[in-house]
Amino acid sequence: MSPEADETAWNRVLRRRSCRSVAAAFFWLLVLASTVGGMIALDASADALLVSGMRAVGRVVGVADPRRGTPTITVDYTVGVTPREAVVNRDSGLAYHVGDLVWVYYDPVDPQHVRTAEERNHNDAWKWGLVSPALVALVFFPWGTVFAVRWVRRWRAARRSSWVPVTVTDATPEAAHQALALKVNDAGRLRVRTLSMLPGRYTFLQGPEPTRAWIGGAGSATVLVLARGPRRARPCPIQVRPQLGWTWPAGR
């Protein structure tokens with residue numbers, strides 16, 4: 001894209017960035033919803049055995065309390081005249097001893113699909129296959145939602161404002177952020193702070209040569225667009241916010 005691109009070009013850049021961030025937040029929402037739905041379905045399947053399953057008296061023949069992994073009990077029970085044995089995952093926190101009697105509920109079609117009155121006996125692979133993505137989604141969905149809202153705000157603010165060419169003359173590291181000194185219209189100056197949560201993301205702006213960019217939006221919805229990013233010859237939008245004591249546009 002030419003450095004002399006018009007305002008509609010920069011607005012398209014922000015629109016694409018906003019759409020991608022909204023899609024990412026929606027993806028994590030789907031992950032969270034599907035994993036929670038899966039865990040509810042697992043509980044429902046286990047609880048259904050209490051209603052539709054067959055019941056038999058079982059006897060605890062083994063108790064395992066590993067330092068790592070899921071504690072279990074081994075129970076034997078009888079299906080008709082056939083003796084059966086099953087390992088049941090424990091999640092109730094109850095203590096068991098060899099010889100204890102428990103009610104065993106099993107699926108008559110699949111007698112190895114069992115639970116006890118107290119233990120749902122969730123499969124470890126299914127349980128962790130649902131819990132792990134849910135925990136990840138719980139972290140990334142709120143973060144992604146905030147990120148998407150910020151981009152959409154800046155896109156809308158930029159559409160209402162005009163794009164002004166600036167020159168990035170200094171990029172000072174500031175924890176996870178960077179303070180940027182901008183020269184506006186070869187006259188005014190402005191200091192802004194990047195909002196990236198990744199330390200060192202904009203270290204490429206610390207080069208000896210000033211970087212040409214455009215600034216748009218207003219106040220807390222200010223955005224900076226570089227004509228080229230660090231690795232690709234494509235526009236690079238950056239979320240920024242004027243530092244204390246500075247306003248953009250000037251005078252507001």
Side-chain angles (χ1 to χ4, degrees), residues 17-153 176 197-198:
R17 191 67 186 84
S18 299
C19 290
R20 286 199 299 268
S21 62
V22 170
F26 187 66
F27 167 78
W28 287 114
L29 175 62
L30 289 179
V31 171
L32 184 60
S34 60
T35 51
V36 170
M39 288 186 282
I40 292 174
L42 275 181
D43 285 344
S45 175
D47 292 342
L49 282 179
L50 297 177
V51 178
S52 60
M54 302 296 291
R55 188 174 72 166
V57 176
R59 183 169 62 91
V60 177
V61 296
V63 179
D65 290 293
R67 296 182 62 183
R68 294 183 179 181
T70 304
T72 63
I73 55 173
T74 302
V75 297
D76 62 8
Y77 57 104
T78 302
V79 177
V81 295
T82 305
R84 297 273 185 175
E85 187 175 279
V87 177
V88 177
N89 290 334
R90 293 157 47 198
D91 55 18
S92 69
L94 296 177
Y96 293 88
H97 302 88
V98 173
D100 287 349
L101 297 180
V102 295
W103 284 112
V104 175
Y105 295 82
Y106 63 91
D107 186 341
V109 178
D110 179 14
Q112 288 297 319
H113 180 202
V114 303
R115 64 162 294 169
T116 68
E118 292 80 17
E119 312 296 344
R120 288 193 170 99
N121 191 27
H122 287 326
N123 180 278
D124 280 344
W126 275 102
K127 181 172 66 176
W128 291 111
L130 292 171
V131 170
S132 298
L135 293 177
V136 174
L138 280 173
V139 173
F140 281 95
F141 172 61
W143 178 82
T145 300
V146 172
F147 197 66
V149 169
R150 284 180 174 178
W151 277 117
V152 171
R153 285 186 65 235
M197 298 182 67
L198 301 177

Worked verdict on Asp107 versus Leu49 for side-chain contact (heavy atoms from CB on, under 4.5 Å): CA-CA 7 Å; Asp107 186 341; Leu49 282 179; 4.1 Å; yes
Using a 3.5 Å distance criterion without hydrogens, assess whether the side chain of [X] forms a donor-acceptor pair with backbone atoms of [Y].
| X | Y | answer |
| --- | --- | --- |
| Glu119 | Ser92 | yes |
| Ser45 | Ala41 | no |
| Thr35 | Leu32 | yes |

Looking at every non-hydrogen atom in both residues, tell me the closest pair between [X] and [Y] and how far apart they are.
| X | Y | answer |
| --- | --- | --- |
| Val114 | Ala86 | CG2-CB, 3.7 Å |
| Pro71 | Pro66 | CA-CD, 3.9 Å |
| Asn121 | Asp91 | N-OD2, 4.5 Å |

Pairs flagged by ring pair (Phe, Tyr, Trp, His ring centres under 6.0 Å) wherever residues 39-71 is involved - sequence neighbours left out: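 Every pair satisfying ring pair (Phe, Tyr, Trp, His ring centres under 6.0 Å) with a residue in residues 39-71: there are none.
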Residue pairs fulfilling ring pair (Phe, Tyr, Trp, His ring centres under 6.0 Å) with at least one residue in residues 65-117, sequence neighbours excluded: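 Non-adjacent pairs meeting ring pair (Phe, Tyr, Trp, His ring centres under 6.0 Å): Tyr77-Tyr106.
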Side chain to side chain contact (heavy atoms under 4.5 Å, CB included) partner of Val102, the single match among Leu94, Val88, Thr116: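 Option passing the side chain to side chain contact (heavy atoms under 4.5 Å, CB included) with Val102: Thr116.
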Contacts of Asp47 that satisfy salt bridge (Lys or Arg N to Asp or Glu O under 4.0 Å) - sequence neighbours left out: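 Asp47 satisfies salt bridge (Lys or Arg N to Asp or Glu O under 4.0 Å) with Arg115, Arg120 only.
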Salt bridge (Lys or Arg N to Asp or Glu O under 4.0 Å) against Asp100, all qualifying residues, sequence neighbours excluded: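 With sequence neighbours excluded, Asp100 shows a salt bridge (Lys or Arg N to Asp or Glu O under 4.0 Å) to no residue whatsoever.
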Side chain proximity check, Val146 to Arg150, heavy atoms < 4.5 angstrom: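 Sidechains of Arg150 and Val146: in contact.
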Side chain to side chain, Val31 and Val136, heavy atoms closer than 4.5 Å: no
Residue pairs, two or more places apart or on separate chains, that pass side chain to side chain donor-acceptor pair (under 3.5 Å) and touch residues 19-30: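 Matches after skipping sequence neighbours: none remain.
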Parallel, tilted or perpendicular: ring planes of Phe140 versus Trp143, cut at 30 and 60 degrees: perpendicular
Show the atom names and distances, to 0.1 Å, of all donor-acceptor pairs under 3.5 Å that link a side chain in residues 57-65 to residues at least two apart or in another chain.
unit_1, atom_1, unit_2, atom_2, d
Arg59, NH2, Asp76, OD2, 3.4
Asp65, OD1, Arg90, NH1, 3.0
Asp65, OD1, Arg90, NH2, 3.1

